[in-house]
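Below, chain A is the first sequence line, B the second, and so on; all start at residue 1. A quick note: this is a predicted structure, and the numbers were derived from the prediction, not measured.
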Protein chains: 2
Amino acid sequence: MKFMDVHHGMTGITAEQLRAAQAADAEIESEEGVHFEQAWADPDSGTVYCLSEAPSREAVQRVHSRTGHPADEIHSVPLSV
Amino acid sequence: MKFMDVHHGMTGITAEQLRAAQAADAEIESEEGVHFEQAWADPDSGTVYCLSEAPSREAVQRVHSRTGHPADEIHSVPLSV
């Protein structure tokens with residue numbers, strides 16, 4: 001299933017910090033059956049969006065929590081165009 | 001520039017409705033210099049995310065407004081991985 005998760009409060013996030021967070025997730029994601037496909041960040045509003053393929057919302061959160069950045073919202077997005 | 005816009009209140013949106021909204025945007029987007037690349041929907045929470053390449057936040061909103069579904073949030077997302 002596809003999920004879009006959202007992180008708030010990341011004001012000022014840099015490209016390097018986004019890459020480091022993504023790399024940390026990528027290192028352990030397979031242990032939870034998750035694959036993070038893409039992520040986008042708005043440093044001004046401090047918002048980060050992550051698109052993943054995962055077995056459940058909980059699995060997405062386990063990866064983000066283990067790497068120190070739990071998501072504030074996790075939405076199943078079964079529809080896409 | 002890349003933008004992620006968010007629509008709330010779309011509870012129960014169907015695949016057909018998402019495709020129709022995307023098709024309506026696609027028909028006029030070039031008039032505003034916008035290209036909507038991908039969109040994802042969560043019918044349960046009624047949330048829709050649209051990723052676009054556009055000259056400005058206002059241009060994104062002009063397309064969505066002209067087709068009858070203005071966005072609730074539009075974030076510039078200069079960073080991506």
A.B. asks: For residues 13-36 of chain B, give me every residue with a non-hydrogen atom less than 4.5 Å from any non-hydrogen atom of chain A.
C.D. replies: B:Ile13, B:Thr14, B:Ala15, B:Leu18, B:Arg19, B:Gln22
A.B. asks: Using 0.5 Å steps for rounding, measure from the NZ atom of B:Lys2 to the CE atom of B:Met4.
C.D. replies: 10.0 Å
A.B. asks: Which residues, numbered in order, of residues 39-58 of chain A come under 4.5 angstrom of chain B by heavy-atom distance?
C.D. replies: A:Ala39, A:Trp40, A:Ala41, A:Asp42, A:Pro43, A:Ser45, A:Thr47, A:Tyr49, A:Leu51
A.B. asks: Applying a criterion of heavy atom separation less than 4.5 Å, what residues of residues 60-71 of chain A form contacts with chain B?
C.D. replies: none
A.B. asks: What residues of residues 72-81 of chain A sit under 4.5 Å from chain B when only non-hydrogen atoms are counted?
C.D. replies: A:Glu73, A:His75, A:Ser76, A:Val77, A:Pro78, A:Leu79, A:Ser80, A:Val81
